[in-house]
Number of protein chains: 2
Amino acid sequence: MKFTDKVTHMAIYRESHQRRAVMANLTHRRDHPTAATIYDDLRKEIPALSLGTVYRNLDILETQNRIRSIKLDQREARYDADMNIHAHYLCRVCGKIMDLPLKPDCCQIVRELEAAGHRIEKVSIDIIGTCALCR
Amino acid sequence: MKFTDKVTHMAIYRESHQRRAVMANLTHRRDHPTAATIYDDLRKEIPALSLGTVYRNLDILETQNRIRSIKLDQREARYDADMNIHAHYLCRVCGKIMDLPLKPDCCQIVRELEAAGHRIEKVSIDIIGTCALCR
DNA sequence: TTTGCTGCAAAGGATTTGCAGAGGC
DNA sequence: GCCTCTGCAAATCCTTTGCAGCAAA
């Protein structure tokens with residue numbers, strides 16, 4: 001599936017065993033795993049699983065708005081099943097990612113953009129630094 | 001230079017012709033070019049320039065806090081010499097990137113994190129959607 | 001039965017890196 | 001003169017894709 005297809009071609013999805021497993025794995029985690037982490041984890045229950053399938057399913061789940069991807073640094077994407085509005089803080093020393101709840105009035109720009117006629121599909125608020133423990 | 005060296009090893013930088021050119025190119029632009037775009041542009045004045053050098057210099061300039069990198073989608077990084085606090089809006093249909101000025105009170109989380117002892121090194125607020133013209 | 005989904009493996013694309021020589025300071 | 005920076009090219013890393021068979025609905 002190409003990037004543009006997401007917009008123009010509304011696919012009819014089937015719930016495969018693998019997709020359910022990816023979704024379940026992400027739901028039952030508190031961290032923000034990479035595709036490779038999910039893959040390693042799921043191989044225990046689905047030995048024949050392939051990494052490509054994990055990527056394809058993460059992509060579809062994001063299109064379905066059931067999960068969101070996070071690009072904190074230039075490295076691998078991370079995934080999150082928590083769809084509540086929140087920011088992420090990454091400590092670049094220990095690598096830990098913290099969820100930061102957001103007050104609704106923090107997203108005033110979003111409302112201004114919408115008022116100007118722009119459609120909002122994704123908002124990412126990512127903060128990188130060194131956490132208190134690592135300083 | 002490895003990722004971790006940025007933290008532990010404080011390098012003494014020299015201002016090369018190439019680094020000055022990358023910085024100047026970025027300063028004189030209003031868009032948010034990729035490394036490849038800057039490279040294509042600078043080849044006109046520095047024909048022997050290599051893409052690796054562009055990447056290395058963008059990396060160093062970001063470490064020096066003279067520019068910032070932007071990761072809007074899963075694709076190439078973009079670069080911005082505007083160091084004022086602002087958000088970015090990407091229209092995923094036409095690809096245009098808008099700068100969004102931010103009111104200082106929009107970053108309350110940042111102050112809360114700092115109060116809790118965490119050091120903030122970078123804040124990215126990125127919004128993806130479909131702009132008014134493309135709808 | 002239809003057509004989306006999978007595993008496999010190869011391809012793709014962006015970024016990084018090792019090296020030997022050039023060039024700031 | 002020391003040590004950083006460069007061009008080159010190969011390597012790396014993450015992600016995507018083509019294909020033939022499998023499996024939801």
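Below, chains carry the letters A, B, ... as their sequence lines are ordered, and counting in each starts from 1. Only a predicted model underlies this, so the values are computations on that prediction, with no experimental measurement involved.
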Query raised in the report: Would one find a side-chain N or O of B:R19 under 4.0 angstrom from OP1 or OP2 of D:dC5?
Result: yes
**Report entry** B/S/- contact track for nucleotides 20-25 of chain C, protein heavy atom under 4.0 Å
**Finding:** ---BBS
Report summary line: Assert: residue with more 5' nearest nucleotide on DNA chain C, out of A:G52 and B:T53, is A:G52
Query - 5' priority, DNA chain C, between A:A48 and B:A35 [closest heavy atom] - result: A:A48
Report task. Following the transitive rule for hydrophobic clusters with a side-chain heavy-atom cut-off under 4.5 Å over Ile, Leu, Val, Met, Phe, Trp and Tyr, establish whether A:I67 and A:I38 coincide in one cluster. Result -> yes
Query raised in the report: Whole Å only: how far is the CG atom of B:D73 from the P atom of C:dG13?
Result: 15 Å
Query raised in the report: Are B:R75 and B:D73 ion-paired here, with the side-chain N under 4.0 Å from a carboxylate O?
Result: no
Query raised in the report: Salt bridge or not for B:R66 and B:E15, using N-O below 4.0 Å?
Result: yes
Requested in this report: For the side chain of A:A77, starting at C-beta, report the closest nucleotide among C:dG7, D:dG7, D:dT15.
Outcome: D:dT15
Query - Rounded distance (Å) that lies between atom C1' of D:dC13 and atom NZ of B:K71 - result: 12 Å
Query raised in the report: Nearest-Å distance, CD1 (A:I38) to C1' (D:dC14)?
Result: 14 Å
Query - Note: A:E121-A:R119 ion pair, threshold 4.0 Å (strictly below) - result: yes
Report task. Check whether any side-chain nitrogen or oxygen of A:Q18 sits under 4.0 Å from OP1 or OP2 of C:dG7, and answer yes or no. Result -> yes
Query raised in the report: Between C:dT6 atom C1' and A:L42 atom CG, what is the distance in whole Å?
Result: 14 Å
Query raised in the report: Taking the side chain of A:Y55 as its heavy atoms from C-beta onward, which of C:dT15, D:dC8, D:dT15 lies nearest to it?
Result: D:dT15
Query raised in the report: Ignoring hydrogens and geometry, is there a side-chain-to-backbone donor-acceptor pair from B:H32 to B:R78 under 3.5 Å?
Result: no
**Report entry** Rounded distance in Å - OH (A:Y39) to P (C:dC8)
**Finding:** 7 Å
Requested in this report: Please say whether more than 12 non-hydrogen atoms of neighbouring residues, nucleotides or ligands are located less than 6.0 Å from CD1 in A:I85.
Outcome: no
**Report entry** Integer-rounded Å distance: C:dT15 C1' and B:R78 CZ
**Finding:** 16 Å
Query raised in the report: A:L49 CG to D:dA23 P: how many Å, rounded?
Result: 14 Å
Query raised in the report: Between B:D126 and B:K71, is there a salt bridge with N-O shorter than 4.0 Å?
Result: no
Query raised in the report: Could one point to a donor on the side chain of A:R56 or the base of C:dG7 with an acceptor on the other under 3.5 Å away?
Result: yes
Query raised in the report: Starting at CG of A:L61 and ending at P of C:dC5, how long is that distance when rounded to a whole Å?
Result: 11 Å
